[in-house]
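Accompanying notes for the structure given below.
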Amino acid sequence: MDIQGMLAVAILLPVVAAVLVFLIRQYQLRGLIVIVTAVALIVNSIYFLKLDLPMNFTPDNPIWGTIITVLDYAILLFYIYAGLSLKNWLVLIFALTQIIPLAWWEFGVGASHALEEIKPAFLIDNLAVLMVLVISIIGSLICVYAIRYMYDHEEHKKLEKSRQSRFLFWLVLFLGAMNGLVLADNLMWLYFFWEVTTLCCFQLIAHDLTKEAINNGARALWMNSIGGTAMVAAMIYLYNANGGNIEYLSLSNIIASGGVEAFLLLPVALMCFTGMIKAAQMPFQNWLLGAMVAPTPVSALLHSSTMVKAGVYLVIRLAPAFNPVLGMIVAVCGAFTFFAASVLAISQTTGKRVLAYSTIANLGLIIACAGLRTELAIAAAMLLIIFHAISKGLLFMCAGTIEHQIWSREIEDMEGLAEKAPLTTFITITGMLSMFLPPFGMLLGKWMALEAVYAVPLAAILFVLASAATMVFWAKWLGRLLQVTPKLGKKIESLSLSYSVPLWSLFVGIFVFGIGIAPLYDRFIKFAVDNVIPIQHAFTEGWQIILPDAATALSLEKGVGLLGSYPVLPLFIVFAIAIVLPLLFVKLKPQELRPIYLCGEHAGDVDTDEWYAEADNVSKLELGGYYFESAASEESLNAWVYVIAIALLVIMFSIALGVSL
Amino acid sequence: MPVMLPTIIRNLFGGPATRMYPVQVRDPFEGARGHIEFDDDKCILCGNCARQCPAAAIEINKEKNELVFYPARCIICFVCAEACKKDAVIASNKWRTPYYTKPVEVHVAKAKKEKAKKE
Amino acid sequence: MGIIQTSQVKSPWILHFCNSSCNGCDIEVLACLTPLYDVERFGIVNMGNPKHADVMVVTGPVNYRTARVLKNLYNQIPDPKMVIAVGACASTGGVFHNCYNILGGVDKVIPVDVYVPGCAARPEAIIDGVVLALQKLSKAVGVAK
Amino acid sequence: MAPRTIAPFGPQHPVLPEPIQLKITYENEKVVDVVPALGYGHRGIEKACELNEYPKNIHLCERICGICSCMHGISYCEVVERLWPMEVPPRAKYLRTIWSEMSRTHSHLLWLGLLADALGFESMFMQFWRIREKVLDLLEMTCGSRVTQSVSVVGGVRRDIDDEQKKICIRTLQEVRQEAEALINVLATDPTVKARTVGKGVLTKEQAILLGNNGPHLRASGVKEDCRMLGMQAYGELGFEPVVETDGDCYARALVRARETLQAIDLQLEAFSKMPEGEIYVRPKGSPPANEAVYRCEQARGEVFYYAKGNGTRKLERLRVRTPTFANIPSLLVMLPGSELADVPIIVLSIDPCISCTER
Amino acid sequence: MIENLKEISKDTLLQEVQKFADAKARFVTTVCSDLGDKLEVTYYFNYSPGVDMVALRMVVGKDEEVPSISGIYLTAVLSENEMFEQFGLKVKDMAIDFGGLMLLGKDSPVKPMVKDDAAAGKGGE
Amino acid sequence: MNQVWIAIIAVVVAPFIGGLLAGIDRKLTARLQGRYGPPILQPFYDFFKLLGKSKIATNRTQFIWLIAYLVFMITCLVFLVLQQDLLLLVFLLGFAGISFVLAGFSTKSPYSHFGANRELMQILSYEPILLLFALAVYAQNGSFMISSIMENSTPLLISLWPVFIALVIALTIKMRKSPFDIATSHHGHQELVKGIMTEISGPYYALVTLTEWYELVLVLGLIALFWSNPLWVGILIALGAFILELLIDNVNARLTGGLMVRICWAAALILCVLNILYIYFMRGVA
């Protein structure tokens, strides 16, 4: 297949499929289309690996440029409409701040003609392909998951009129937009895809049409519109400050400048800011938290494994164009988000909000890595993107599955799930462990990040504190799931195929990628890193990860040989001995069971959780989790978080302005 | 800040205060209430002790000429020793050792028998 | 005797449970832990948790409510276990024999291995009692193996 | 509302030597609600006292509580003596005072040890109990038993303290006072102890009175009230002034008891010096007449209330005992909510609970 | 002889107790005793600070209901529960009602302190 | 091959050292309290006795986490003796800690639950200190490998003494000593009964004991790194720190969880951060 066809499959096929899905109202057929699209996307994305990367592509027909411009304005006009109809002035204002400068620039200044000349339209390098793989594989699995999920969702809500088609329309459409986004090199096109993702995001968050859903959707819309505005500003500046030259309206050219051109720093900072909003970095974390009202596939697809990754993707892309000071401040911004989100996650009582905060935190970590701009840091960022997409996608799907078993999102209600739904719990627990503990990939990424972060000591300290907080909120949730009364002979629940295939695929993915990370890095990820920063060192040795000491930012006179090492295989063997073998072989005989210790007053048999209280009344044991409201709640910390985060942004822009002007 | 430090250092070098029971046994005080014994030779089965015992540890069986004592019930108040006019209840300052099964002491009141014989 | 059997005799952990006791024996049980008597010399530790205990030290007579607790606690102790009834009340009900809410000694509810007499039982007697219980334990595990 | 945890605290719990259950509702570790469950120590002694002949009841009353045993015995004797009414010889009064204070010393040292233990300050616990053993030795020497003294009888006391013993007592008490003073100094100044006790379980003066608190618990809230002020036994002849603290928190309660320990030793020494020679026992005539009497006495834990009603026979018509803890337990319902789980043992201990007293 | 004893009826009880509460007196205890066909209830108060004790006494029939003073003095709740389970004295509106199972267990004797009830020693071996 | 032998020897010998240290701990604590104390070998008696107890349980999952706790602790020790990555060692130690917490959580028992939550607070307290220790070592040596510490001739203690103090605080938590013995207590009466251990009994309790011995050796080993050339000085320092802990245990009351987190974060932030920044700037100047 040639590149043109592959791009068409990656970008246009989802659009076509989306329209089909929207039109077909029959459950099975609709599902089939989604599955076929998913398979096509996955196969197609794997074919990208076979290409001779990197390569450029620009469609021959200029009509595409015109279509995009028209749709651009259509989207922005829709925003205006949305702002007016919802009476949400922020949406309206930030739609206007995009459309007016854009129209003025294209038609007032008359740049529209020149803009059609930007080449190439698409840049297909390893980094882009890596993103395409993440989007196509994980995104498709989530779409498959959504088929059944939405069915159950509406069953439970007892809707009269099915709105599943509409939902799947936006979901599948989004895949195309996302693929376009990561492949685009032309800033105008990038901007267009960016806006499409924002639109999908708005529609999907507001899907349930409750007041809360619409409000939160609108919030996501206006916050991301700020990002869009920043991007428009960046483009206009790039055009005007360069004397009406379109040279720097292409990502590859900005990057190629390598941070030397002083005037480029401001637009880079602006686009970086756009990316940070999309990645829900502090102080813009609220839209992502609000987005959790959406049905869970939305959260899984948009708000953890793909769309928010667009933000970090952009920051990583632009990393070579930072100057060292900007890099440092971006690193601190990211590290601060990592820290603050991890701490705030401790006080969350809703499962999806914990996942959201964890996502924000990890995106912060990735952005911090991008800001560090060393080979090691970028490699860490890449690994984190991959592993985070797998683990978090899985966890969101687990959260959705759990929600459909207990019809609640509250962590408190998940008590003893290990008994009610052992299979789901098993997968969930594995997913959670893979988020923060060795030997899994996320930890490998975090470990590399920590080894790389020393160049910015402030970020290092924030990393350390955040790591500790991360352990706490995951462990609390894990504990909740495990907390059961003594009982034998659990029965395993059955999951529908639409649930279990994506779940098990990602479950297997965690292990396959986790174990095979070294070869994978060597064969593929290494080149993606090279797209950002030239690689000089091999980080692998067989199946192990070995970091030579020269890979750090801090050059030391002493040659000690090794910076660090991560023996992947031995650690997985340890994991197998520690968890898997006991899981298989530790057995408990019924006669060994005893009731729990309730100060000697337990009432009943071994599975009891009741005791005799005052006046011989039987009282039921209740165990609530700890959420440290007084120390870590949003009410007590948000003010601080906002002040510091805004201060950091102000510093970032002052630096960029100071250098540029 | 560590106000307790001098005390524990003194403890460390001053040697333990432990009395190495059962290797070292300190004799109980002279007047300590340890346990009671019965002098069968003196007992006349008057029943003073049994009547005044708060724990009902002593039973008198006049027909069999027996005084039955349940040591496990005894609360060692020594009221019996004070009540006994014949000094048949001997107050000892040694504590009674533990046992696997609750003992029952049967005392045949010899003094009473002799008295009966005389009559 | 194997190492496990030797250890079982050398490391009795205690669960102290006070029924409707008058406290007299309880403070004497506690006094055993203090410097003057220091039962930790024999490896005795007061655990306060039935699941870790080997020896249950019970004081006081059983009343209607503690009978239930006593039975529950006894069942939660893993084998091999010993029960020591400390004091006259725990053995038989003692001075409370005619109180309306008293069932009697501990042996009305659970099997007792060693009785320690006294009111209140002296610390020395309690130590003797534990030693006696351990002798019984060592015989029991010796026979079992 | 934060998620709640509802769990039992007791009857069998390592920090509670005695069985009582508190059904505690927590938010995180903060206590929001407490329901006490009693009945684990109830024996029915009041009824048994009506069934026995009155001299036997001394031993029953002494076993209402093993720690307060000496003063329960004395209180019972005094309330029965008031039925006639009859007067005991002065030396007996002094002896009763000395033994009361001696048992107060041992009880307070025991409590200070338990407090240290609840604070996780094991070495201090050991030291307090090490000192306490000396006091117990004195009790054993003079009364014959370490715990249940059984020295008081209706009409006087059973044993006398001879000069030899008096000398030993005075010497030992002085030693104890010195050692206790040093330890109490540690307790009062150690920052970790202060961090755990200052401001915990605060009761204001008004709250304390309305809740019917008594004893050191009440005095720590700034109420100068002590039944020894009534001047029974020999207290009227000794220079006695109640110990009062004003803060009403656990730290204040600890200080009150610590200072009372020293005061008790001083009172004993004074009583030894003033003790007159003479008889120690007069035999009561006949049976308790049909009369009623009330007697209040300051035990280590607070005011004990004895009510006796005679009917002319050898048995009592009614005996009622209201022990200090019985009146202090309701204050837990006020103090515990709002505290941390870690403070629960300290606050519970701060009333010096004696469950066997409470439930009889 | 009891000093400072005042005879009252159950209707004036709350009124009288309220006077003590206003005077910041401390509640000491209640004493209930069985007079055969009636119950005699005495409430003791202590003027704090100080050691002056005052008593209120009322005589009620065995099936009569008396008001609870636990609304005024929370601490009376234990005594009132105790009177209920030991003598069967019905107390209305107690702040915490243990339902007759505060001190007694489910299997314990009922109303053990009542005279005609022969609740003699069940204990012993 | 040589390395395998070192690892095996370490895994076999460590529990003996740990048990012996635990015995010394109990004996010395007793002496500090004016008691005679148990025999030095008492921990071994306890261990073997527990092995011989009958198994009772409330939950199966608990055992899996306990085994994970042990296995990961042993792995940490192997990492130490094979002079592997210090940072990864700390993360592995984190897994061990989390396993223990999950063991506590995996039964619906109130005291186990309280204990697990408090253990989490402990992790929150000491984890930053350990991670910052690794960072400080890196600041000093330019590598996270323990082998680099061993090769370095200048002892870490000279430049990293503030971190050492912070690590002693972490050691107090790890050894579960007063004032920070809040999650489970080895002796004495606690409001949490036995915290996480409440539902763990018999042979599995023995497993936890074994793990604690490994942990003790591991943490003392980490402290010994502060004077790695010659190592015997480091070992002496570690033993000194061990005895210091016993003294601290006996002169302090137990504090609450909140205070512990505050003290540790303050110590971690102030001592470690100043130390790291100092080294950082000194290097910048040079």
Side-chain angles (χ1 to χ4, degrees), chain A residues 415-416 418 437-438 443 446-447 450-451 454 457 460-461 464-465 467-469 471-472 474-476 478-480 482-486 488 549 552 554 556 558 560-567 571 574 577-579 582-583 586-588 592-598 606 609 621 623 625-626 631, chain F residues 54-61 63-64 67-68 71-72 75 84-85 87-88 91-92 94-95 97-99 101-102 104-113 116-117 120-121 123-124 127-128 131-132 135 138-139 141-145 147-148 151 193 198-199 258 265 269 273 276-277 280 283:
Chain A
E415 178 181 325
L437 289 177
L443 188 102
K446 205 190 279 175
W447 170 79
L450 255 170
E451 306 231 329
Y454 183 69
I461 291 150
V464 164
L465 296 178
S467 293
M471 284 192 168
V472 173
W474 283 122
K476 275 193 312 138
L478 275 168
R480 211 61 208 160
L482 288 167
Q483 199 170 294
V484 292
T485 46
L488 282 180
D549 74 328
T552 55
L554 194 76
L556 294 163
K558 283 175 264 160
V560 273
L562 267 183
L563 172 66
S565 76
Y566 190 102
L571 285 183
V574 167
I577 297 172
I579 306 271
L583 196 62
V586 173
K587 291 278 182 284
L588 191 64
E592 288 168 2
L593 272 181
R594 289 287 186 285
I596 51 170
Y597 174 77
L598 283 173
V606 289
D609 58 350
L621 177 69
L623 294 183
Y626 283 24
Chain F
S54 68
K55 267 196 229 164
I56 61 164
T58 60
N59 195 299
R60 188 176 83 104
T61 358
F63 301 155
I64 297 166
I67 292 169
V71 172
F72 274 98
T75 314
Q84 289 294 307
D85 193 299
L87 193 58
L88 192 54
F91 280 129
L92 283 169
F95 197 156
I98 292 287
S99 306
V101 171
L102 293 180
F105 272 131
S106 47
T107 172
K108 193 181 173 184
S109 159
Y111 293 100
S112 189
H113 176 94
N117 273 315
L120 265 184
M121 288 171 89
I123 289 179
L124 189 64
E127 191 75 12
L131 285 172
L132 285 171
L135 279 178
Y138 172 73
N141 276 357
S143 168
F144 283 99
M145 300 299 286
S147 55
S148 77
E151 284 159 16
V193 188
T198 306
E199 302 295 337
W265 277 43
L269 282 175
V273 168
I276 290 172
L277 287 181
Y280 187 80
R283 179 147 298 128

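By convention in this document, chain letters (A, B, ...) are assigned in the order of the sequence lines, proteins followed by strands, and residues within each chain are numbered from 1. Just the heavy atoms: all of them, side chains too, but no hydrogens, waters or symmetry mates, feed the values below.
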Checklist entry - Taking Thr198(F), Asn117(F), Ile56(F) one by one, which has the highest count of heavy-atom pairs under 4.5 Å against chain A? => result Asn117(F)
Checklist entry - Picking from Ser565(A), Ala475(A), Ser467(A), Gly564(A), which has the most non-hydrogen pairs under 4.5 angstrom with chain F? => result Ser565(A)
Checklist outcome for this item: Closest heavy-atom pair, Lys476(A) versus Phe105(F), reported as atoms and distance to 0.1 Å, is CA-CE1, 4.4 Å
Checklist entry - Can you check whether Leu583(A)'s main-chain N or O pairs, donor with acceptor, with Arg60(F)'s side chain at less than 3.5 Å? => result yes
Checklist entry - Between Tyr597(A) and Ser109(F), what is the shortest heavy-atom contact and its length? => result O-OG, 4.1 Å
Next on the checklist: So for Leu277(F), is it side chain, backbone, both, or neither that comes closer than 4.5 Å to the heavy atoms of chain A?
Outcome noted: side chain
Checklist outcome for this item: With chain A, the option among Leu269(F), Val101(F), Leu132(F), Ile276(F) that has the most non-hydrogen atom pairs under 4.5 Å is Leu132(F)
Checklist outcome for this item: Residues Leu450(A) and Leu135(F): closest non-hydrogen pair is O-CD2, 4.2 Å
Item to check | Atom pair OH/CG of Tyr566(A) and Leu87(F) - distance to nearest 0.5 Å | outcome: 10.5 Å
Item to check | Residue pair Arg480(A) / His113(F), side-chain heavy-atom distance below 4.5 Å | outcome: yes
Checklist entry - Rounded to the nearest 0.5 Å, how far does CZ of Arg594(A) lie from OG of Ser54(F)? => result 6.5 Å
Checklist entry - Taking all non-hydrogen atoms of both residues, which atom of Leu623(A) and which atom of Pro110(F) are closest, and how far apart? => result CD2-CA, 3.6 Å
Checklist entry - How about Leu88(F) and Leu571(A): do any of their side-chain heavy atoms sit closer than 4.5 Å? => result yes
Next on the checklist: Heavy-atom cut-off 4.5 Å, strictly under: side chain, backbone, both or neither for Ile98(F) against chain A?
Outcome noted: side chain
Item to check | Residue Phe63(F) versus chain A: region with a heavy atom under 4.5 Å | outcome: side chain
Checklist entry - If you look at every heavy atom in Leu593(A) and Asn59(F), which pair is closest and at what distance? => result CD2-N, 4.3 Å
Next on the checklist: For a quick test of reading the model, state the closest non-hydrogen atom pair linking Phe72(F) to Ala578(A) and the distance between them.
Outcome noted: CE1-CB, 3.5 Å
Checklist outcome for this item: Ranked by heavy-atom pairs below 4.5 Å to chain A, first place among Val71(F), Ile64(F), Leu131(F), Val273(F) goes to Ile64(F)
Checklist entry - Side chain, backbone, both or neither: which part of Leu465(A) has an atom under 4.5 Å from a heavy atom of chain F? => result both
Item to check | Side chain proximity check, Trp447(A) to Asp85(F), heavy atoms < 4.5 angstrom | outcome: yes
Next on the checklist: I need the Ile577(A) CD1 to Thr75(F) OG1 distance, nearest 0.5 Å.
Outcome noted: 7.5 Å
Checklist entry - Which bit of Phe95(F) comes within less than 4.5 Å of chain A, counting heavy atoms only: side chain, backbone, both or neither? => result both
